[in-house]
Amino acid sequence: MMRGKFKACTFLYLTREHEITHKTQILLQLRQNTGYTDGKYDFAFSGHVKAGESMKQTVRREVKEEIGIDVPERALEFLILIDAPEEGYLKGFFTDSSWIGEPRVCEPDKYGGLLWADSDDTKSS
């Protein structure tokens with residue numbers, strides 16, 4: 001039996017409650033200069049899992065690198081694991097609403113901005 005090789009990556013669905021409307025919002029990032037969905041907003045702060053790293057550790061590392069916040073590992077909530085064999089990936093999705101710090105663009109070469117959007121907004125670009 002031949003075993004396939006795959007890569008693993010993680011994504012974070014970061015939420016907050018709007019102070020006035022009390023609606024749940026998600027944080028989106030505008031992708032640029034990456035060669036993958038450039039010019040579009042993406043909800044997922046993502047990264048590849050490194051050898052010896054858990055998916056939760058990857059989420060924490062990537063979020064710190066990309067938007068400068070700390071996410072306590074115990075606060076990360078697992079959402080779903082998606083097997084994407086056509087891409088050669090296992091994708092782990094997590095959520096958190098208790099981060100420490102203020103999200104900001106820390107990699108301006110890859111991200112053109114951040115946007116808090118109502119999670120029930122059905123508009124798409």
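- Remark: K110 NZ is loosely packed, at most 12 non-hydrogen atoms of other residues, nucleotides or ligands lying under 6.0 Å away.
- Atoms CG and CG, on L14 and D96 in that order, are 6.5 Å from each other to the nearest 0.5 Å.
- Of all the heavy atoms in V49 and M55, the pair that sits closest is CG2-CG, 4.1 Å.
- Put simply, the side chain of Q32 does not reach to within 4.5 Å of the side chain of Y111, judged on heavy atoms.
- Pairs of residues two or more places apart, or lying in two chains, that qualify as salt bridge (charged side-chain N to carboxylate O under 4.0 Å, His left out) and include a residue from residues 14-28 are K23-D118.
- Remark: H18 pairs with no residue by the ring pair (Phe, Tyr, Trp, His ring centres under 6.0 Å) rule, at least two apart or across chains.
- A donor-acceptor contact shorter than 3.5 Å links the side chain of S54 to the backbone of Q57.
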Requested in this report: Please lay out, stage by stage, how D70 and R60 fare under the test salt bridge (charged side-chain N to carboxylate O under 4.0 Å, His left out).
Outcome: CA-CA 7 Å; D70 288 315; R60 295 187 73 227; 5.3 Å; no
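- At least one donor-acceptor pair closer than 3.5 Å links the side chain of E53 to the backbone N or O of K50.
- One distance of note links CD of E62 with CZ of F45; it measures 11.5 Å at 0.5 Å rounding.
- The two residues E107 and E66 have their closest heavy-atom pair at OE1-CG, 3.2 Å.
- Residues W99 and T15 come closest through the heavy atom pair CZ3-O, 2.8 Å.
- Side-chain N or O atoms of T95 include one that pairs as donor or acceptor with a backbone N or O of Y13 at under 3.5 Å.
- Smallest separation of non-hydrogen atoms from S98 and P72: O-CD, 3.9 Å.
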Using a 3.5 Å cut-off and no angle test, enumerate the donor-acceptor pairs between side-chain atoms of residues 76-94 and protein atoms at least two apart in sequence or in another chain.
from: E87; atom 1: OE1; to: K91; atom 2: NZ; distance (Å): 2.7
from: Y89; atom 1: OH; to: H48; atom 2: NE2; distance (Å): 2.6

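- Of all non-hydrogen atoms in P103 and I69, the two that sit nearest each other are N-CG2, 3.6 Å.
- The backbone N or O of I67 lies less than 3.5 Å from no partner atom in the side chain of Q29, so there is not a single donor-acceptor pair.
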Report task. Decide yes or no on side chain to side chain contact (heavy atoms under 4.5 Å, CB included) for L28 and D42, but give the supporting numbers first. Result -> CA-CA 5 Å; L28 305 174; D42 187 358; over 6 Å; no
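- In this structure, the side chains of L114 and L27 come closer than 4.5 Å at one or more pairs of heavy atoms.
- The heavy-atom pair separating I26 from S119 by the smallest distance is CG2-CB, 4.1 Å.
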